[in-house]
2 protein chains.
Amino acid sequence: MKSNEIKEAALKYFTIHGYEGASLSQIAEEVGLKKQSIYAHFKGKDDLFLQVLRDAKEAELSSKLHYFSKVDSQNPEKDLYGFLQLVIDLFQKNELLRFWLRMTFFPPAHLRNEIGEEVADIEAKVQSVLEGKFQDWIDAKVIVHDIAKTPTLAFVGVVDSILIELVYVNDEKRLKDKLEACWSVFWRGISHS
Amino acid sequence: MKSNEIKEAALKYFTIHGYEGASLSQIAEEVGLKKQSIYAHFKGKDDLFLQVLRDAKEAELSSKLHYFSKVDSQNPEKDLYGFLQLVIDLFQKNELLRFWLRMTFFPPAHLRNEIGEEVADIEAKVQSVLEGKFQDWIDAKVIVHDIAKTPTLAFVGVVDSILIELVYVNDEKRLKDKLEACWSVFWRGISHS
DNA sequence: TGCTAACTGACGAACGTTCGTTAAGTTGGA
DNA sequence: TCCAACTTAACGAACGTTCGTCAGTTAGCA
């Protein structure tokens, strides 16, 4: 399907150059078309962009939810660390997560509100699942804390710091160091002494 | 000085719309000029951009170094938390940090290398100062860990997660929750039982 | 025969940049 | 003190290019 090829090329250029910096002619050329031919598949630049955005959102959400649906052990150490690995994998395997991060951090001004809603949606869902898991672990007394929200937000913070490291330079060594550092301090911070 | 007015307007538009999305005519209009007049003060768009970038780098670096130069107590709990507050302040008080984050996370493609060097420079300096402090605290046995690098990177991770929260939505309530969560878990992770 | 996807051609608008010119301000020597 | 030489900041006009978009046309396939 040509539409998907166009979306793939669009993903690439939007990720590298941002919404304003990506041009339809570049995207079209990437798949051997003239820019006007894109209009046979999409209403325009915004339409193309929003379709790619929703693909990215869908991919990220389903990956994360799928991971937690497989996880029902009482071993948070393994499961949480595995989630960090999943995020790293997601980021390095395809461009969707990098695209998603760029566009949610710094959205094109005229689509700010639309994108903000998508972000709030996915954010709430992931955090809700995560908080449920933490509550289970607290009830099973395998980690400390009285309310689940604290370790949940702290763990999201660890994910954030890994994401920043990935976006920033993606130096394999630095990433490994930071992951180990953040993880070990975090784990000491929520587990029984 | 008109140059500074132009740089201020440029900072604003670069921050909101990114390098490619910001136009010289908008920037000029903001200060009551035509876009051609900008060329009386700067060689071109790149020159203007890079001058703003270096201002932003300078502002961030000196703020952080100045903070740590004042700090020589043996009370990491106060000093580290104070640093988080400083970062939040920096972000909310002026646009320089937001600009810096946007341009270092997702630099304009043709200036990628130049910006990368600036990032490596500031990153190394801040981390070096931070690591020295942590080493002092370790030596004084006021926090745990054998090597200073681990708590340093973990703390940088806490800063990262706060920055992400600031960039993402800047909801005052959410920010406070996340700060408290990340901080309390981090502190438990590096302090004695 | 239609339908789809690609094409060509053209559109107005905006982009960053350069040019030559003007008006105002500064400087330096007679 | 006065005037000429120079500098500075801003301008209008235009440059070539690219942008996103629309209209009309053609080729291939069901």
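Throughout, protein chains are lettered first and strands after them, A, B, ... in sequence-line order, and every chain is numbered starting at 1.
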Please check: side-chain N/O of [X] versus main-chain N/O of [Y], any donor-acceptor pairing under 3.5 Å?
X	Y	answer
B:Tyr67	B:Phe83	yes
B:Ser191	B:Trp187	yes
A:Lys45	A:Tyr19	yes

So does [X] have more than 12 non-hydrogen atoms from other groups sitting under 6.0 Å from [atom1]?
X	atom1	value
B:Glu180	CD	yes
B:Glu95	CD	yes
B:Glu8	CD	no

query: So, is B:His41 close to the D:dT8 phosphate, meaning a side-chain N or O under 4.0 Å from OP1 or OP2?
result: no

message: So, OP1 or OP2 of C:dC7: does either fall under 4.0 Å of a side-chain N or O from A:Ser37?
response: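 A:Ser37 to C:dC7 OP1/OP2: side-chain N or O found under 4.0 Å.
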
- request: Output all residues satisfying salt bridge (Lys or Arg N to Asp or Glu O under 4.0 Å) with A:Lys176, sequence neighbours left out; order by chain, then residue number.
  value: none

- prompt: Are B:Lys12 and B:Phe99 close enough that some pair of their side-chain heavy atoms sits under 4.5 Å apart?
  reply: no

query: Would a 4.5 Å heavy-atom cut-off, applied to side chains only, mark A:Asp46 and A:His110 as touching?
result: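 Result yes, sub-4.5 Å side-chain heavy-atom pair found.
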
query: According to the salt bridge (charged side-chain N to carboxylate O under 4.0 Å, His left out) rule, which pairs have a member within residues 139-166 of chain B, sequence neighbours left out?
result: A:Asp177-B:Lys149, A:Lys178-B:Asp160, B:Glu165-B:Arg174, B:Glu165-B:Lys178

- prompt: What pairs meet the salt bridge (charged side-chain N to carboxylate O under 4.0 Å, His left out) rule with one or both residues in residues 110-122 of chain B, with sequence neighbours excluded?
  reply: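 Listed once each, the pairs are B:Arg54-B:Glu114, B:Arg54-B:Glu118, B:Lys57-B:Glu118, B:Lys57-B:Asp121, B:Asp121-B:Lys125.
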
task: Identify, residue by residue, the members of residues 1-12 of chain B with a heavy atom below 4.0 Å from DNA chain D, and return them in order of residue number, or none.
output: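 DNA chain D contact set from residues 1-12 of chain B: B:Lys2.
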
Would you kindly give the [atom1]-to-[atom2] distance between [X] and [N], to the nearest whole Å?
X	N	atom1	atom2	value
B:Glu29	D:dG12	CD	P	13 Å
A:Phe42	D:dC22	CZ	P	16 Å
B:Lys34	C:dT22	NZ	C1'	16 Å

Report each atom pair, protein N/O against N/O of nucleotides 24-30 of chain D, whose distance is under 3.5 angstrom.
none

- line: Whether each nucleotide of nucleotides 11-18 of chain C has a protein heavy atom under 4.0 Å at its base (B), only at its sugar-phosphate (S) or at neither (-) is summarised, 5' to 3', as ----BBBB

